[in-house]
Amino acid sequence: MGHSPSRSNGAGDPLPSRFARFRRRLRLHRRRDDSASSKAIAADEFAGIARIRILKADMQFKDKFFACLSLGDRTYRTDKSDNTQTPVWDSEKKVIVETNGPHIARISVFETNRFSKNTLVGYCEVDLLEMLTKDLEEHSEDLPLLDPSSSNTTVGSITISCYIEDPVETEQSFARRVLAIVDYDEDGTLSLSEFSDLMKAFGNKLAVAKIEELFRQADTNGDGIVDINELAALLADQQEKEPLISNCPVCGEDLGKYDKINDMIHMTLCFDEGTGNQIMTGGFLTDKQASYGWMFKLSEWAHVSTYDVGLHSGSTASHILVFDRRTKRIVEEVIDGKIVLSMRALYQSKVGLTLINTGVKDLLKNLSEKQGKKMNSPESAKDIPKFLELFKDQINMDEVNDPIESFKTFNEFFIRGLKPGARPIAYGDQDGIATCAADSRLMAFSSVDESTRLWIKGRKFSIEGLLGTSAHSNALRNGSLVIFRLAPQDYHRFHVPVSGTVEKFVEIPGCLYTVNPIAVNSKYCNVFTENKRVISIISTSEFGKVAFVAIGATMVGSITFLKNEGDYVHKGDEFGYFSFGGSTVICVFQKDAIQFDADLVANSERSLETLVSVGMTLGVSTRNKELQVPVLQKCSLE
């Protein structure tokens, strides 16, 4: 069968040289991979491995296009197409699908005709869990590409295929790839000496002891030669029962840290050679990062900016990444680069602190009042289309209650109402479950110490300082808090997170610093305790007293409440609104009165904001032991 004895001498080659030989062969197969399992996946949560192929698209104009595939905190991109109206990529990537994990994949198409910035022209979303209910054979679908500014408008179509691997086939496929390493003449068969080489190089003590036993089971006719497929089935079955391989043959990582299913996933993805199609490039967190050109890469290399989740300060405070709770995907917040630079200069340096203390506070306040008047003028209405274009993939006009032409000023548009049902309230009949108060980026902390360790870096933050002497009480001392940060593109009406009676309103005058994380994460200013704010105390039966704090910010001089003292409010009721600009709501709960949802806590512990909508679950009252955090929201990126 061509198994020449020249491949080994009588005494056998020393193990190190054999190992080096295998490594050289592996380098021929290995591809860049950044999706190997980085966290443990419970066996009952593992759904499968999906191989997604982005085949082609049909666009409305000619250009050079590329596509991005985003799932969870991983994004991959195709190569750039030719200048055409019908780009063809035929690129694929394998991804892990979990029942309680990220499963909505977003495919974005960009036109690329500039050095530093590419333009998003269309997108679609695919629920991979739905694919699991279909036949296992690969099939392709033509999906409409939606306009980023209106989900009711299509800008083309894209053809993708998706194949969910059978777990048994995944294991055997992996075993075949491992065995192929020592199939030196590539004839699809192995001798005992070749199989021994593999087990001695990569196996554990058990593997070495079982070499002949496994080989003899596959060698049914006793000729000393076995088919790789037969041996692969035995090896996969044995690996499932009792692991034989202790280190990943591709990357060398120790196995057995989690469990057998995670080891198999890790090695399957490491050994992924695809089907001969182009493998998508990985290493990106968001499709926006994947779309950046060479100038951004140069800025990262020069440490002018960085792109990662978590707490950033100084020169690294350049990109704001948040976790989208609905799609369970990392997204980047849209913010003008010039604004980022000015905020970094003002809030992240001692020079900026000096400016703040020598008149910038008054300047920001005067600027906000002047801008507020401008946004109430009829002339400001012409800025609405520009604003929509800037945030075209983040404002859904289809859910707005009134047509755009009905807004006579920019502020009328800014405080726009939504159609009934656009923000359903979770568990509306259960007052023991609190819900999110605003469309916002959320951080949840069990204590002030946690908030200052992970997020708020001002020098004097405290519950007493936030609420002031008139609103603070012993009941709220050492309480837990949740921060809802609204960006300019958000729906700017805030809602009641709990049911209860409004006891009082307290207005505290102050500055108008920005509430952007660049300022909140700065050690040089105290945004939440120095900004203008209005505090409402709500008395509830399930959570005790809850402080609802509406905080103004740069360009936000107006905070309007729609309820009065003594009113009984129901969870989800509209409570008020902010006029033009970004702003923040902070809710303070009594100590140990609420158990925040697990995903919100997990993301906050990573200093990662969670993008939420009004009405999503926030947490449950600890007074009712029978209530549980809804399983639907239990998902976070570890």
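All figures in this text were calculated on a predicted structure; none of them were measured in a lab.
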>> Taking Pro385's backbone N and O only, do any of them form a donor-acceptor pair with Glu389's side chain (distance below 3.5 Å, no angle check)?
In response: no
>> Is any side-chain heavy atom of His570 closer than 4.5 Å to one of Val496?
In response: no
>> In the structure I gave you, are the side-chain heavy atoms of Val549 and Val585 within less than 4.5 Å of one another anywhere?
In response: no
>> Test side chain to side chain contact (heavy atoms under 4.5 Å, CB included) on Thr75 and Leu285; report intermediate values, then the result.
In response: CA-CA 5 Å; Thr75 292; Leu285 287 173; 5.9 Å; no
> At what distance, to the nearest 0.5 angstrom, does CG of Asp592 lie from OG of Ser480?
Replying inline: 7.5 Å
>> Between Glu503 and Lys545 (salt bridge meaning N to carboxylate O under 4.0 Å), is one present in this structure?
In response: yes
>> Checking Glu125 now: which residues fulfil salt bridge (Lys or Arg N to Asp or Glu O under 4.0 Å) with it, not counting sequence neighbours?
In response: Arg326, Arg329
> Quick one: does Thr409's side chain have a donor or acceptor within less than 3.5 Å of a partner on Ser380's backbone?
Replying inline: no
> Regarding Arg106 and the six-membered ring of Tyr123, is the cationic atom NZ or CZ under 6.0 Å from the ring centre and inside 45° of its axis?
Replying inline: yes
> Hey, does Arg77 have a side-chain heavy atom less than 4.5 Å from the side chain of Phe284?
Replying inline: yes
>> Run the side chain to side chain contact (heavy atoms under 4.5 Å, CB included) test on Val498 and Phe589 for me, step by step, so that the C-alpha distance in whole Å, both residues' side-chain angles and the decisive distance to 0.1 Å come before the verdict.
In response: CA-CA 11 Å; Val498 292; Phe589 291 82; 4.1 Å; yes
> Is it the case that more than 12 heavy atoms not belonging to Phe413 sit under 6.0 Å from its CZ atom?
Replying inline: yes
> Closest heavy-atom contact between Ile538 and Phe548?
Replying inline: CD1-CB, 4.4 Å
> Looking at Glu464 and Arg477, does any basic side-chain N land under 4.0 Å from a carboxylate oxygen?
Replying inline: yes
>> I want to know whether Phe561 and Phe494 have ring centres closer than 6.0 Å.
In response: yes
> For Lys408, does its backbone N or O pair with a side-chain atom of Glu412 as donor and acceptor, under 3.5 Å?
Replying inline: yes
>> With rounding to the nearest 0.5 angstrom, report the CD1 to OG distance, Ile594 to Ser621.
In response: 8.0 Å
> Does Asn401 have any side chain to side chain contact (heavy atoms under 4.5 Å, CB included) partners at least two apart in sequence or in another chain, and if so, which?
Replying inline: Lys419, Pro420
> Counting distance only, does the side-chain N/O of Lys571 pair as donor-acceptor with the main-chain N or O of Ile433 below 3.5 Å?
Replying inline: yes
> side chain to side chain contact (heavy atoms under 4.5 Å, CB included) between Phe110 and Cys68: does it pass, once the steps are laid out?
Replying inline: CA-CA 8 Å; Phe110 292 83; Cys68 292; 4.0 Å; yes
>> Using the side-chain contact (heavy atoms from CB on, under 4.5 Å) definition, which of the options Asp324, Asp287, Asp73, Leu611 pairs with Ile330?
In response: Asp73
> Under the 3.5 angstrom rule, does the side chain of Ser604 hit a backbone N or O of Ala444 as a donor-acceptor pair?
Replying inline: yes
> Sub-3.5 Å donor-acceptor pair from the side chain of Thr540 to the main-chain atoms of Gly544, do we have one?
Replying inline: yes
>> Between Tyr427 and Thr617, is there a side-chain heavy-atom distance shorter than 4.5 Å?
In response: yes
>> With heavy-atom distances below 4.5 Å as the criterion, would you say the side chains of Ile551 and Leu466 are in contact?
In response: yes
>> With side chain to side chain donor-acceptor pair (under 3.5 Å) as the test, pick out the partner of Arg325 among Thr610, Asn603, Asp597.
In response: Asp597
> Counting N and O atoms only, with roles assigned by atom type, does the side chain of Ser536 sit under 3.5 Å from a partner on the main chain of Phe505, one being a donor and the other an acceptor?
Replying inline: no
> Taking atom CG of Asp439 and atom CZ of Arg493, what is their separation to the nearest 0.5 Å?
Replying inline: 12.5 Å
> Which is it for Val482 and Leu618 under the side chain to side chain contact (heavy atoms under 4.5 Å, CB included) test, yes or no, and what are the steps along the way?
Replying inline: CA-CA 9 Å; Val482 56; Leu618 174 63; 3.9 Å; yes
> How close do Gly615 and Ile425 get, heavy atom to heavy atom, and via which atoms?
Replying inline: CA-CD1, 3.7 Å
> Between atom CZ of Phe445 and atom CD of Glu605, what is the distance when rounded to the nearest 0.5 Å?
Replying inline: 9.5 Å
> Which pair of heavy atoms, one from Ala547 and one from Leu476, lies closest together, and at what distance?
Replying inline: CB-CD1, 3.9 Å
> How close do Cys436 and Ser613 get, heavy atom to heavy atom, and via which atoms?
Replying inline: CB-O, 3.5 Å
>> Suppose we screen for side-chain hydrogen bond (donor to acceptor under 3.5 Å, both in side chains). Which residues come up paired with Arg441, at least two apart in sequence or across chains?
In response: Glu333, Asp490
>> Is there a side chain to side chain donor-acceptor pair (under 3.5 Å) between His495 and Asp573? Walk through the geometry before answering.
In response: CA-CA 5 Å; His495 293 240; Asp573 284 353; over 6 Å; no
>> What's the separation between atom CG in Asn118 and atom OG in Ser108, rounded to the nearest 0.5 Å?
In response: 12.5 Å
>> Less than 4.5 Å apart, side chain to side chain, heavy atoms only: is that true for His472 and Ile463?
In response: yes
> How close do Ala471 and Ile537 get, heavy atom to heavy atom, and via which atoms?
Replying inline: O-CD1, 3.8 Å
> Can the ring centroids of His492 and Phe414 be said to lie less than 6.0 angstrom from one another?
Replying inline: yes
> So, Phe410 versus Phe387, ring centres under 6.0 angstrom or not?
Replying inline: yes
> Should Val502 and Asn564 count as side-chain neighbours, where that means a heavy-atom distance under 4.5 Å?
Replying inline: no
>> Assess the residue pair Asp431 and Ser499 against the criterion (side chain to side chain donor-acceptor pair (under 3.5 Å)); give the C-alpha distance rounded to whole Å, side-chain angles, the decisive distance to 0.1 Å, and a yes or no.
In response: CA-CA 6 Å; Asp431 288 344; Ser499 297; 3.0 Å; yes
>> Distance check, rounded to the nearest 0.5 Å: Gln489 atom CD versus Gln394 atom CD?
In response: 4.5 Å
> Do you know which two heavy atoms are closest between Lys563 and Phe575, and how far apart they sit?
Replying inline: CG-CD1, 3.6 Å
> Between Lys386 (side chain) and Asp383 (backbone), is there a donor-acceptor pair under 3.5 Å?
Replying inline: no
> So, do Arg423 and Leu418 sit near enough that their side-chain heavy atoms are less than 4.5 Å apart?
Replying inline: yes
